[in-house]
Each structure stands twice: as C-alpha cells, then as structure tokens.
Visitor: 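This is the structure I have questions about; it appears just below.
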Amino acid sequence: MQGPCEIEPELALGAAAERTFCPASRRHYVLLAAILASALGFIDGSVVSVAMPAMRADLGASLADAQWISNAYALALAALILVGGGAGDKFGLRKTFIAGIVLFILASMACAAAPSTSTLILSRGVQGVGAAFMVPGSLAIIAKAYPKEERGRAIGIWAASSALTTAIGPVFGGLLLSVFGDAAWRVIFAINLPLGVLAVAMLLRVPADRPTGDRKLDVAGAVLATLAFGAMSYGLTTLSAENAGSGGGSAATLPLILGAILLVGFIAWERSRKAPMIDLSLFAIVPFSGANIATFVLYFALSGILFYLPMLLIAGWGLGEATTAFIFLPLSVAIAGLSGPVGRLSDAVGPRLPITAGSLVVALAFGGLAAISGAGVHRFWSGAFPMMVLMGLGMALVVSPLSTAVMTSVNDEDTGAASGINNAISRIAGLMAVAAMGAFAAHRYASAVGSERALVPGYGEPTSSPLPEALEAARVTASDAAFSGIAWIMCAFCVASALVAWLTQQSKSDEPSGDAAAD
C-alpha cells in the first residue's frame with residue numbers, strides 16, 4: 001500500500017478532484033456559503049425568542065399567536081427536514097441548497113413586512129419549508145465538495161463559525177430592539193436578505209454536483225407527519241387560549257385525537273414502504289431508541305425554557321432585550337468550547353456517563369431557575385444568568401456524546417438515516433414543548449391572577465401602559481408562578497433523560513474485551 005508521501009503531488013490532486021465535484025480553488029466559496037446559510041437558520045430560531053415580546057406588542061399577538069409564530073417554522077422544518085436531505089441526493093446538493101436559501105430569504109422578507117399576526121405565521125411556515133431544504137444541505141455540501149483528507153478541517157471551521165454566529169445573533173438582535181424599539185423586530189428578518197444573497201452568489205461560483213441516485217421522495221409521509229404534528233400543536237395551542245380565558249372549550253379535543261390518528265397512519269405508511277423517510281426498524285436497537293428518547297425529553301425541556309424564559313424576563317421582570325439575549329450565550333459558548341474535549345471523554349468512557357451527568361446538571365440548572373422565579377427573586381446577573389451558565393455546561397456534556405450514541409448504535413450504512421431521525425426528533429420535541437407548555441403557562445398565570453385576570457395582559461405580553469401598583473404586582477407574581485411551574489416540569493424531564501441514558505446506553509466497561517469477543 002502506498003503512503004501519502006509516495007504519491008506524486010499532481011496525481012494526488014487529481015485523485016482528490018475526482019472524488020469531489022468542486023475544484024480546490026473554489027471550495028472556499030462552498031464553505032463560506034454553508035456558514036452563511038447555517039447562520040440564517042441558527043440565528044433565526046434564537047433571535048425570535050428574544051424578539052417575541054416586541055412582536056406581540058407591535059402586532060397585538062396573544063400567547064397562542066406567539067406559539068404559532070414559533071411553531072409554524074418548527075413544524076415545517078421538523079416534518080420536511082428528511083425530505084430536504086433526500087432532495088439533495090435526488091436533484092443535486094447545490095441546486096437544492098440554493099432553492100432552500102432563496103425560499104428562506106423570500107419568506108424572511110414576507111415576515112419583515114407582515115402587516116398582521118396571521119400573515120407573519122404563514123410566512124414563518126414558508127420560512128420553515130425553505131429551512132428544511134437549506135439546513136441539511138449546509139453540512140452535506142461541505143462533505144461532498146471537500147476530499148476526505150480535508151473534510152474534517154472544513155467541517156470544524158463550519159461548526160466553530162456556526163457556534164459563533166449563534167452566540168452573537170441573539171445579542172445583536174436584542175441590542176437592535178433595545179436601541180430602536182419594538183418595531184426593530186422586522187429588521188431581524190430583513191437582515192436575512194443580504195446574507196442569503198451573498199450565500200447564493202458564492203454557490204453560483206462553483207459547478208453543480210451530480211445527483212447521487214434515483215431515490216424517491218416520501219412526499220406522502222411528509223404530508224402525514226405535517227398534518228399529525230400540526231393537528232397536535234393546534235390542539236395544545238387551543239388549550240392555551242382556553243386557559244387564558246379567551247374561549248376554546250372542548251375545541252382542543254378533536255385536533256388532538258385527529259393528530260394521534262394521523263400519527264398512527266404515518267407510522268403505518270412508513271412501515272409499508274420499501275424506502276421509507278424514517279426507517280422504523282432502527283428503533284428495535286435499544287441504544288438507538290434510548291438515545292432518541294433522551295433527545296426528545298431533553299430538547300423538550302431545553303426548548304420550553306428558551307421560549308418562555310425571555311417572555312418572563314422582558315414582560316415580567318422588565319429587563320431590556322439586549323440584556324435578556326445573553327441567556328443564549330452560555331449554551332453556544334459552552335458547546336463550541338467543550339464539545340471537542342467531551343467528545344474525547346465519550347470515546348474513552350462511552351456515552352452513558354456524560355449523557356447522564358449532563359442531563360442531571362441541566363436538571364439542577366432548571367431547578368435553580370424554578371426556585372429563583374418561584375421565590376420572586378428578580379436578579380438576572382446574580383440569579384438567572386448563572387443558572388443558564390450551568391445549563392450550558394450540562395448541555396455541553398450531552399450534545400457530542402448523544403450524537404455519538406446515535407451514530408455508533410447502528411451499522412455504518414445507516415448512520416445518515418440515524419442522524420436525520422435524531423435531528424428531526426429534537427425539532428419535534430421543541431415543537432411540542434412550545435405548544436404544550438403554553439397551555440400550562442396560561443392556566444397557571446390565570447389561576448395566580450385570579451379575579452383580576454381581565455384587567456392584566458396575558459403571560460409574556462408587555463403592558464401598553466402602566467398598571468396600578470396592585471395589578472402590576474399581581475401580574476409579576478403570576479408571571480413568576482407560571483414560569484416556575486414550567487421550570488420544575490422541565491427539571492423533571494431532564495432527570496428522566498438521565499434515567500433513560502443510564503438504562504439504555506453503554507459504558508466502555510460494558511463492552512466485551514477483544515479476548516471475550518474472540519471466545
């Protein structure tokens with residue numbers, strides 16, 4: 001076998017070029033475009049949470065409206081992300097990637113100009129469709145453009161840059177809102193236009209890749225998944241309106257039942273297909289199922305906190321958006337800085353211990369948030385922010401080992417499918433958390449306010465004019481009570497994640513030794 005040093009440089013370059021669709025002189029365009037596109041998707045999700053009170057104040061949106069502003073995007077992305085990945089194989093990565101970016105930025109412009117809540121929700125759904133074709137393409141096109149020996153470095157640059165933009169994005173958005181007022185939320189969407197156009201321009205400077213197969217897209221499966229999770233989200237969101245005292249009654253029952261029926265139909269459809277969107281047979285593997293259950297439970301908790309905490313801080317505690325945006329910083333910084341060392345730890349001891357320990361650390365952080373808000377302690381830098389730092393450290397312990405657990409639990413030929421399933425599950429968890437916890441928050445808030453409910457804004461809704469002192473005190477106390485309840489529930493979910501990981505994952509000591517395997 002020849003070693004690298006025994007190959008002539010010209011031959012080595014030629015061999016590398018044959019393995020990729022992109023000439024070496026233009027690969028940096030692919031990398032920069034992937035970084036920009038990832039920034040669009042990652043920033044959008046986190047900045048919207050910080051901007052939500054401003055959107056509600058500007059558009060007069062209710063808590064249920066706020067849930068749909070988030071969930072319209074999350075629903076489309078979660079249901080279609082596997083189809084988006086398959087489209088890249090079928091039609092070519094560059095073509096699909098560009099189409100996703102273009103749709104995303106057009107929908108972003110519609111969001112920026114939205115005259116009403118319903119228009120914004122619809123535009124967010126279209127934005128999620130674009131993201132479903134854009135997000136999986138950002139990493140896949142790097143892997144296809146770079147030869148194997150250069151791929152790791154390129155992906156490392158992409159990951160570090162994505163973490164940096166994810167960390168800076170909410171702070172930048174919060175600063176805009178603090179300086180220019182509630183209407184500045186539109187600029188947060190409009191800024192996607194120059195970033196997206198630049199990404200497309202770079203992609204047009206590289207040649208098109210060839211489709212890798214005649215894989216059929218599971219459009220029917222995607223439609224069933226969208227309808228199933230959409231119906232369940234609608235039912236849970238309707239409960240928020242009911243518990244807030246704005247009607248609803250038993251209107252939530254039918255969509256919840258319909259969603260469950262459609263979900264069963266989706267599973268039956270996937271089982272009947274030769275090439276399903278989701279290979280359900282993988283769930284027979286205990287470590288794979290356990291890792292995905294832990295993913296769902298943990299990301300349910302994380303998404304619920306990151307959606308409802310900014311509402312408490314801005315509308316309840318009266319903090320500025322720029323200050324509130326810092327709650328997202330520890331998560332991005334910790335994952336970016338610690339994923340490498342934690343990944344090596346996971347390789348050495350197995351994923352069981354770090355996932356379990358990390359989930360418990362996150363549980364401790366959420367329990368701390370629950371205790372702080374429940375006691376009416378309105379301190380950000382000495383109270384809430386340290387808990388978010390602790391949460392970031394816990395998630396840093398989990399993210400890399402959880403991915404490792406998913407990927408190593410299946411055969412090599414199934415790693416792509418396994419990664420896609422895990423990605424979709426984490427997004428579905430966020431979708432369900434925002435929908436379900438809204439009903440809880442509305443009920444807890446209304447109960448705490450009591451007979452004065454009609455005189456104060458809803459949970460997370462900024463006041464348009466100063467309230468009488470007694471009503472303001474009741475509103476703040478009710479906000480604290482609602483979020484404290486959410487945080488305690490999320491704390492319990494994190495403990496459940498730790499338990500699932502401990503029972504289903506392996507440590508290195510559990511693996512058979514070479515001699516035992518030989519015997």
Visitor: Looking at Asn71 and Ala74, would you say the former's side chain and the latter's main chain have a donor-acceptor pair under 3.5 Å?
Guide: no

Visitor: Which donor-acceptor pairs under 3.5 Å do side chains of residues 317-336 form with protein atoms, sequence neighbours excluded?
Guide:
residue	atom	partner	partner atom	Å
Trp317	NE1	Asp480	OD1	3.0
Thr324	OG1	Gly320	O	3.0

Visitor: Do Arg124 and Val48 have side chains that approach each other closer than 4.5 Å (heavy atoms only, starting at C-beta)?
Guide: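 A side-chain contact exists here, since the closest heavy-atom pair is under 4.5 Å.
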
Visitor: Tell me the closest heavy-atom pair linking Ala112 and Ala190, and the distance in Å.
Guide: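 Looks like CB-N, 4.0 Å.
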
Visitor: Salt bridge or not between Arg56 and Asp182? Use side-chain N to carboxylate O under 4.0 Å.
Guide: no

Visitor: How long is the gap from CD1 on Ile69 to CG on Leu120, to the nearest 0.5 Å?
Guide: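 One gets 4.5 Å once the value is rounded to the nearest 0.5 Å.
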
Visitor: Hey, does Leu312 have a side-chain heavy atom less than 4.5 Å from the side chain of Leu309?
Guide: yes

Visitor: Using ring-ring contact (aromatic ring centres under 6.0 Å, His included) as the criterion, list what pairs up with Phe300, not counting sequence neighbours.
Guide: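 Phe300 satisfies ring-ring contact (aromatic ring centres under 6.0 Å, His included) with Phe493 once adjacent residues are dropped.
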
Visitor: Using every non-hydrogen atom in the two residues, find where Thr117 and Ala61 come nearest and quote the distance to one decimal.
Guide: OG1-CB, 3.8 Å

Visitor: Please name the pair of heavy atoms, one in Pro136 and one in Gly85, separated by the smallest distance, quoted to 0.1 Å.
Guide: CG-N, 3.9 Å

Visitor: If I compare all heavy atoms of Ala54 with all of Leu177, which pair ends up nearest, and what's the gap?
Guide: CB-CD2, 3.9 Å

Visitor: What pairs of donor and acceptor atoms, side-chain ones from residues 360-377 against any protein atom, are under 3.5 angstrom apart with sequence neighbours left out?
Guide:
residue	atom	partner	partner atom	Å
Ser373	OG	Leu369	O	2.9
Ser373	OG	Ala370	O	3.3

Visitor: Could you list all the ring pair (Phe, Tyr, Trp, His ring centres under 6.0 Å) pairs where at least one residue sits in residues 336-356, not counting sequence neighbours?
Guide: none

Visitor: Using 0.5 Å steps for rounding, measure from the CD1 atom of Ile428 to the CZ atom of Phe296.
Guide: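 Nearest 0.5 Å value for the CD1-CZ distance: 8.0 Å.
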
Visitor: Compare every heavy atom of Phe133 with every heavy atom of Gly100, then report the nearest pair and how far apart it is.
Guide: CA-CB, 3.9 Å

Visitor: Check whether any side-chain heavy atom of Met52 sits under 4.5 Å from a side-chain heavy atom of Phe307, and report yes or no.
Guide: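 Result yes, sub-4.5 Å side-chain heavy-atom pair found.
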
Visitor: Would you say CZ of Phe104 has more than 12 non-hydrogen atoms from neighbouring residues, nucleotides or ligands within 6.0 angstrom?
Guide: yes

Visitor: Who pairs with Ile257 by side chain to side chain contact (heavy atoms under 4.5 Å, CB included), at least two apart in sequence or on another chain?
Guide: Thr253, Ile261

Visitor: To the nearest 0.5 Å, how far apart are OG in Ser447 and NE2 in His443?
Guide: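 Here the interatomic distance stands at 4.0 Å.
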
Visitor: Taking the side chain as every heavy atom from C-beta outward, state whether Ile305 and Phe483 have any atom pair closer than 4.5 Å.
Guide: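 Yes, their side chains come closer than 4.5 Å.
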
Visitor: Looking only at heavy atoms, which two atoms of Ser108 and Asn192 are closest? And how far apart?
Guide: OG-ND2, 3.0 Å

Visitor: How far does CG of Leu499 sit from SG of Cys494, to the nearest 0.5 angstrom?
Guide: 13.0 Å

Visitor: Among residues at least two apart in sequence or on other chains, which ones pass side chain to side chain contact (heavy atoms under 4.5 Å, CB included) with Ser138?
Guide: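 Ser138 satisfies side chain to side chain contact (heavy atoms under 4.5 Å, CB included) with Ala34, Ser38, Phe97, Trp158 only.
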
Visitor: Considering residues at least two apart in sequence or located in another chain, which fulfil the side chain to side chain contact (heavy atoms under 4.5 Å, CB included) criterion with Ile191?
Guide: Phe172

Visitor: Ignoring hydrogens and geometry, is there a side-chain-to-backbone donor-acceptor pair from Gln67 to Ala435 under 3.5 Å?
Guide: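 Pair found, side chain donor or acceptor close to backbone of Ala435.
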
Visitor: Can you measure from CE (Met391) to CE (Met490) and round to the nearest 0.5 angstrom?
Guide: 12.5 Å

Visitor: Is there a side-chain contact between Asp65 and Leu59, using heavy atoms and a 4.5 Å cut-off?
Guide: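 In short, these two side chains do not touch, never coming nearer than 4.5 Å.
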
Visitor: Got a second to check how far Ile188's CD1 is from Cys111's SG, nearest 0.5 Å?
Guide: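 The distance works out to 11.5 Å.
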
Visitor: List the atom pairs, donor and acceptor, that lie under 3.5 Å between side-chain atoms in residues 404-411 and the rest of the protein, sequence neighbours left out.
Guide:
residue	atom	partner	partner atom	Å
Thr404	OG1	Ser400	O	3.0
Thr408	OG1	Thr404	O	2.6
Ser409	OG	Ala405	O	3.1
Ser409	OG	Val406	O	2.9

Visitor: Compare all side-chain heavy atoms of Arg427 with those of Val135 and state whether any distance is below 4.5 angstrom.
Guide: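 A side-chain contact under 4.5 Å exists here.
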
Visitor: For Phe189 and Ser123, run side chain to side chain contact (heavy atoms under 4.5 Å, CB included): C-alpha distance rounded to whole Å, both residues' side-chain angles, the deciding distance at 0.1 Å, then the answer.
Guide: CA-CA 11 Å; Phe189 288 111; Ser123 301; over 6 Å; no

Visitor: I'd like to know whether Val398 forms a side chain to side chain contact (heavy atoms under 4.5 Å, CB included) with Ser359, so could you lay out the CA-CA distance, the side-chain angles of the two residues, the decisive distance to 0.1 Å, and finally the verdict.
Guide: CA-CA 7 Å; Val398 171; Ser359 296; 4.1 Å; yes

Visitor: Please examine the side chains of Leu431 and Met232, heavy atoms only from C-beta on, and report whether any two atoms are closer than 4.5 Å.
Guide: no

Visitor: Under 3.5 Å, is there a donor-acceptor pair between the Arg379 and Ser382 side chains?
Guide: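 Yes, because at least one side-chain N or O of Arg379 sits under 3.5 Å from a partner of the opposite role on Ser382.
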
Visitor: What class does the angle between the rings of Tyr445 and Tyr459 fall in, given that below 30° is parallel, 30 to 60° is tilted and above 60° is perpendicular?
Guide: perpendicular

Visitor: List the residues meeting ring-ring contact (aromatic ring centres under 6.0 Å, His included) with Tyr299, not counting sequence neighbours, and say none if there are none.
Guide: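 Here no residue qualifies.
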
Visitor: Quick one: are Met311 and Leu63 in side-chain contact, heavy atoms under 4.5 Å?
Guide: yes

Visitor: Which donor-acceptor pairs under 3.5 Å do side chains of residues 277-295 form with protein atoms, sequence neighbours excluded?
Guide:
residue	atom	partner	partner atom	Å
Asp279	OD1	Ser281	N	3.2
Asp279	OD1	Ser281	OG	2.6
Asp279	OD2	Ser281	OG	3.3
Ser289	OG	Phe283	O	2.3
Ser289	OG	Ile285	O	3.4
Asn292	OD1	Asn422	ND2	3.0
Asn292	ND2	Phe288	O	2.9
Thr295	OG1	Ala291	O	2.8
Thr295	OG1	Asn422	ND2	3.0

Visitor: Can you list the residues that meet the side chain to side chain donor-acceptor pair (under 3.5 Å) rule with Thr119, with sequence neighbours excluded?
Guide: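 Listed in chain order: Ser116.
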
Visitor: Could you walk me through whether Val449 and Arg444 pass the side chain to side chain contact (heavy atoms under 4.5 Å, CB included) test, one step at a time?
Guide: CA-CA 9 Å; Val449 172; Arg444 187 77 177 263; over 6 Å; no

Visitor: Do Val434 and Tyr308 pass the side chain to side chain contact (heavy atoms under 4.5 Å, CB included) test, and can you show the C-alpha distance, the side-chain angles, and the key distance before you say yes or no?
Guide: CA-CA 8 Å; Val434 170; Tyr308 289 102; 4.2 Å; yes

Visitor: Which pairs pass side-chain hydrogen bond (donor to acceptor under 3.5 Å, both in side chains) with one or both residues in residues 428-442, sequence neighbours excluded?
Guide: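 For residues 428-442: none.
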
